[in-house]
Amino acid sequence: MLLSETFDRDAITTLRHSVATCAGSAGLRGDRLDDFVVAVNELLTNAVRHGGGAGRVVMWSSGGEVVCEVSDSGGGLSALRPEPAVRPAADQPGGWGLWLAEELTDTFRLTTGAEGTTVRVSSRLP
């Protein structure tokens, strides 16, 4: 286990730095590390903004990859996401978070329902 914390809006900046440190310690480097941190930051922000104001983040390293799971207890997504994910329009003010998280990581899994949303992303280690 690299990281396991609950968070709210006030903790996002500090938590983003913790994610970078933990993922770096696990072996992610350079652009892969930067992409992973941006992806997780988008998930943290979504949990606060759309998922009830707080969430839980858990990170671990297993099988040659760094994995991060972000959960919230909001009401779930109101609409199904298209598969494959579609890039939001350039002039769209929102809707970029999940798309970015999926684009910047190697795996992306979203589970949503009335009890909340959980997104798991991972990036392979070099």
Side-chain angles (χ1 to χ4, degrees):
M1 184 73 53
L2 299 171
L3 179 69
S4 179
E5 290 188 30
T6 57
F7 64 91
D8 61 13
R9 177 179 308 278
D10 296 334
I12 289 179
T13 300
T14 301
L15 196 49
R16 181 177 60 245
H17 293 290
S18 296
V19 167
T21 299
C22 291
S25 295
L28 281 181
R29 301 278 182 262
D31 290 343
R32 304 237 345 122
L33 173 60
D34 294 342
D35 288 350
F36 188 80
V37 172
V38 169
V40 172
N41 186 71
E42 290 295 329
L43 299 177
L44 298 171
T45 302
N46 276 357
V48 168
R49 190 174 288 161
H50 306 292
R56 176 154 199 83
V57 59
V58 180
M59 267 181 65
W60 64 95
S61 180
S62 175
E65 63 184 6
V66 176
V67 183
C68 184
E69 191 170 272
V70 177
S71 303
D72 66 53
S73 57
L77 298 178
S78 60
L80 293 175
R81 291 180 69 233
E83 289 294 333
V86 175
R87 180 181 179 177
D91 61 349
Q92 185 174 329
W96 287 85
L98 292 177
W99 182 81
L100 275 171
E102 187 167 4
E103 286 294 308
L104 295 174
T105 57
D106 294 318
T107 66
F108 177 94
R109 188 178 77 199
L110 182 140
T111 307
T112 190
E115 289 79 40
T117 299
T118 299
V119 180
R120 179 182 289 187
V121 294
S122 70
S123 290
R124 286 184 300 278
L125 295 169

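For reference, positions follow the sequence shown, starting with 1.
In this structure the side chain of L98 reaches within 4.5 angstrom of the side chain of L110, judged on heavy atoms. With contacts defined as side-chain heavy-atom distances shorter than 4.5 Å, the pair L100/E102 does not qualify. Counting heavy atoms from C-beta on, the side chains of V121 and T107 never come closer than 4.5 Å. A heavy-atom distance below 4.5 Å is not found between the side chains of V19 and N41. Looking at L104 and F36, their side chains never come closer than 4.5 Å, going by heavy atoms from C-beta outward. The shortest side-chain heavy-atom distance between L44 and V48 does not fall under the 4.5 Å cut-off.
Heavy atoms only, all atoms of each residue included: R109 and E69 are closest at NH2-OE1, 4.3 Å. Considering all non-hydrogen atoms of both residues, G27 and L125 come closest at C-CD2, 3.7 Å.
With hydrogens and angles ignored, the 3.5 Å screen pairs no side-chain donor or acceptor of D72 with any backbone N or O of G55. Remark: the backbone N or O of V58 is not paired with any side-chain donor or acceptor of S4 at under 3.5 angstrom. T117 places no side-chain N or O within donor-acceptor distance of the main-chain N or O of G113, the cut-off being under 3.5 Å. Under the 3.5 Å distance criterion, the side-chain polar atoms of R120 are left unmatched by any main-chain donor or acceptor of V70. The backbone N or O of V37 lies less than 3.5 Å from no partner atom in the side chain of R16, so there is not a single donor-acceptor pair. D106 contributes a side-chain N or O that, together with a main-chain N or O of R124, makes up a donor-acceptor pair within less than 3.5 Å.
Distance check: S18 OG to F7 CZ gives 12.5 Å after rounding to the nearest 0.5 Å. S122 OG to M59 CE: the interatomic distance, rounded to the nearest 0.5 Å, is 11.0 Å.
When only modelled atom types and interatomic distance are considered, T105 and S123 share no side-chain donor-acceptor pair under 3.5 Å.
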